[in-house]
Enquirer: 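One structure follows; several queries about it will come next.
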Amino acid sequence: MAENTFAVQSVRGMNDVLPTQVAGWQRLERVTRELFTAYGFEELRVPIVEHTALFKRAIGEYTDIVEKEMYTFTDSGGDSLTLRPEATAGVVRAAISNGLLRGARLKLWTSGPMFRHERPQKGRYRQFHQIDVEAIGFAGPDIDAELIGLTARLWRQLGITRVKLKLNSLGTAQARRVYREKLVEYFRGHESLLDADSRRRLEGNPLRILDSKNPDMQALVAAAPLLTDHLDSESREHFDGLCAMLAGMGIDYVIDPRLVRGLDYYSRTVFEWVTDALGAQDAVCSGGRYDDLIPQLGGEAQPAIGFAMGIERVVELMGQAGAVDAPLAPHVYIIASGERAQRTALALAERLRDDLPTLRFQSNMGGGNFKAQFRRADRSGASLALILGDTELERGVASLKSLRDESGQTQWPLPDLAARIPAILADLAGPTEAG
RNA sequence: GUGGACGUAGCUCAGCUGGUAGAGUCCCGGAUUGUGAUUCCGGCUGUCGCGGGUUCGAGUCCCGUCGUCCACCCCA
């Protein structure tokens, strides 16, 4: 590859978010921040890089993420570090190492880039972004229901409708161990029917076989023993409680006994919001309970639950739902012709910004004749053009022209502008925007 | 990591069985003296992703490579 090409190409799977796309990101960030605050969650910011061992221990040695998808490197001090592939491990680590856990109940959220070395696809990137929510110190199922209720509210606020909630319980680690043995036994009995992927998983992560999309495997999977039938009684009760609460909140869900997660730390409640609008990358937001993780990482045992949503995926859904705001147009576009007028216009713009801080003034930059400046004014979407030329300068006035209707052009002494502009804008806006 | 499709002006694309690139759009200027739509006229921009090969000659064929997209896989 030529060196130039190399230099101007972004790294595979790592994308720029362009100004035209940013509106969706900002809307999602704003709505989630308000929602989290309203539910009593506090923001926590954690590093992007952690010790490799943290992720191995939290996510599990035999998961796909740890086995083949992590960006791991040795720093110049000889430490093995990893670009975080998910957020929970870092949040839990931060809670432990800052001593936040002692008897506390933590409701936290964080967001930022995550890194996974996968083959890029629509909705799947090597650097992608998540908004992550964690509730530590709550045994549930009330908090489980609240978290799910929060996400359901978020979709409503964003105008997203093409999502469905899938729900399952993985039981406790002990119950899962028993089930796992049963499952391995079952699949060993039919080993000749297993595809290559499934045979590989039989050792490391047999539960994932249940997730197989291979049509040839469906019959075998369908007849496999169900985790749901092997739940311990406490998990059963917990899960039934959650279902009842969701029903009481009017939240629709589908119980999917084969919903398992790709991260080992989950136990009991797992859930996933899926969509049919993003092709194969259908998970928009998912999470679950991780009651055993904190002691595994050296903290004092605390039940906990969390979820993460993929910003790129949610923003894509927002775009499809038409839920992205148009960029804010200036209220006033300032046109100035001639050197003296341009100087006057800059000073005038600053004064108007002082006097009218809630309005958006855009000054024409880079000169141009009146025609060009009016064209830019029009394209800017501004409601009003403020015109400053030789004629106006001589008389100490500025012209104001409506760009959105035919109400014409008026002239005002410069000192009066700050008082006149809001009134004129209000007239232009008319009754529709009066509220 | 596996399989498949694709990669031509900023954008959307055309370019037949190989003969050294074109449209629309965008942008800029003009259509009587200081006024944004539309229309008309004129103008600008391309290492045809990159590298190599075949050929007298390649955007068009072959190989490699990078990237995008789709499916698998995985997951947010």
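Chain letters run A, B, ... following the sequence lines, proteins first, then strands; residues in each count from 1.
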Enquirer: Side chain of Lys371(A), base of rU35(B): donor and acceptor closer than 3.5 Å?
Expert: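 No pair found.
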Enquirer: Using only modelled atom types and a 3.5 angstrom limit, is any donor from either the side chain of Gln373(A) or the base of rU35(B) paired with an acceptor on the other?
Expert: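 When only heavy-atom distances are counted, Gln373(A) does not reach the base of rU35(B) through any donor-acceptor pair under 3.5 Å.
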Enquirer: When only distance counts, do a donor and an acceptor, one from the side chain of Arg375(A) and one from the base of rC27(B), lie under 3.5 Å apart?
Expert: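 Check fails, no donor-acceptor contact within cut-off.
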Enquirer: Flag yes if more than 12 heavy atoms outside Tyr62(A) fall under 6.0 Å of its OH atom; otherwise flag no.
Expert: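 Result for OH/Tyr62(A): open.
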Enquirer: Given rC69(B), is OP1 or OP2 found less than 4.0 Å from the side-chain N or O atoms of Arg124(A)?
Expert: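 So the side-chain polar atoms of Arg124(A) never come under 4.0 Å of the phosphate oxygens OP1 or OP2 of rC69(B).
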Enquirer: Indicate, with a heavy-atom threshold strictly under 4.0 Å, whether Gly287(A) touches base, sugar-phosphate, or nothing.
Expert: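 Gly287(A): no heavy atom of the nucleic acid under 4.0 Å.
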Enquirer: May I ask which nucleotide in the shown strands pairs with rG3(B), Watson-Crick or G-U wobble, both distances under 3.5 Å?
Expert: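 The answer is rC70(B), by the H-bond criterion.
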Enquirer: Output one line per pair: protein atom, nucleotide atom from nucleotides 9-12 of chain B, and distance, for all N/O pairs under 3.5 Å.
Expert:
none

Enquirer: Taking atom types as they are modelled, would you say the side chain of Asp282(A) forms a donor-acceptor pair with the base of rC75(B) within the 3.5 Å cutoff?
Expert: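 In this structure, the two groups form a donor-acceptor pair.
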Enquirer: Is there ring stacking between Phe370(A) and rU35(B), where the centres must be under 5.5 angstrom apart and the planes under 30 degrees?
Expert: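 So no, this residue does not stack on that base, at least one cut-off failing.
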Enquirer: Under a 3.5 Å limit for both distances, which nucleotide forms a Watson-Crick or G-U wobble pair with rC13(B), could you say?
Expert: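 The base-pairing partner of rC13(B), which may sit in any strand shown, is rG22(B).
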Enquirer: For atom NZ of Lys164(A), is the number of surrounding heavy atoms from other residues, nucleotides or ligands below 6.0 Å larger than 12?
Expert: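 No.
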Enquirer: Should rU33(B) form a Watson-Crick or G-U wobble pair with both distances under 3.5 Å, which nucleotide is its partner?
Expert: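 Across any shown strand, rU33(B) pairs with none.
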Enquirer: Could you state the OH-P distance from Tyr125(A) to rG67(B), rounded to the nearest angstrom?
Expert: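 So the two atoms are 15 Å apart, to the nearest Å.
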Enquirer: Look at all strands and tell whether Ile311(A) reaches a base, only sugar-phosphate, or nothing, counting heavy atoms closer than 4.0 Å.
Expert: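 Counting heavy atoms under 4.0 Å across all strands, no contact is made by Ile311(A).
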Enquirer: Under 4.0 Å between any heavy atoms, over every strand shown, what does Gly381(A) touch: base, sugar-phosphate, or nothing? Just pick one.
Expert: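 Counting heavy atoms under 4.0 Å across all strands, no contact is made by Gly381(A).
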Enquirer: What is the distance, to the nearest angstrom, from the CG atom on Leu400(A) to the P atom on rU35(B)?
Expert: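 Distance, rounded to whole Å: 18 Å.
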Enquirer: Taking any strand in view, what nucleotide pairs with rG57(B) in a Watson-Crick or G-U wobble way, both distances under 3.5 Å?
Expert: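 Pairing partner: none.
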Enquirer: Is there a side-chain contact between Gln281(A) and the phosphate of rA76(B), meaning an N or O under 4.0 Å from OP1 or OP2?
Expert: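 No, Gln281(A) has no side-chain N/O under 4.0 Å of OP1/OP2 on rA76(B).
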Enquirer: With rounding to whole Å, what would you report as the distance between rC16(B) and rC6(B) at their P atoms?
Expert: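 After rounding to an integer number of Å, I get 14 Å for this pair.
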Enquirer: Salt bridge or not for Arg93(A) and Glu50(A), using N-O below 4.0 Å?
Expert: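 Looking at Glu50(A) together with Arg93(A), the answer is yes, because their closest N to O distance falls below 4.0 Å.
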Enquirer: Pick out the pairs of N or O atoms, protein on one side and nucleotides 2-8 of chain B on the other, that lie under 3.5 Å.
Expert:
from	atom 1	to	atom 2	distance (Å)
rU2(B)	O4	Arg119(A)	NH1	2.8
rG3(B)	O6	Arg119(A)	NH2	3.2

Enquirer: When all nucleic acid strands are considered with a 4.0 Å heavy-atom cut-off, which category describes Ser286(A): base, sugar-phosphate, or nothing?
Expert: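 Sugar-phosphate, no base atom in range.
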Enquirer: Paired with rU38(B) by Watson-Crick or G-U wobble geometry, both distances under 3.5 Å: which nucleotide is it?
Expert: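 Pairing partner, where one exists within any strand: none, as none qualifies.
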Enquirer: Base, sugar-phosphate or nothing for Glu69(A)? Non-hydrogen atoms, less than 4.0 Å.
Expert: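 Sugar-phosphate contact only - Glu69(A) comes under 4.0 Å of backbone atoms but never of a base.
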Enquirer: Would you classify Asn369(A) as touching base, sugar-phosphate or nothing, given that sugar-phosphate means primed atoms plus P, OP1 and OP2, and contacts are heavy atoms under 4.0 Å?
Expert: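 Here Asn369(A) touches the backbone only, sparing every base.
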Enquirer: Which base sits across from rU65(B) as a Watson-Crick or G-U pair, both distances under 3.5 Å?
Expert: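 Result: rG49(B).
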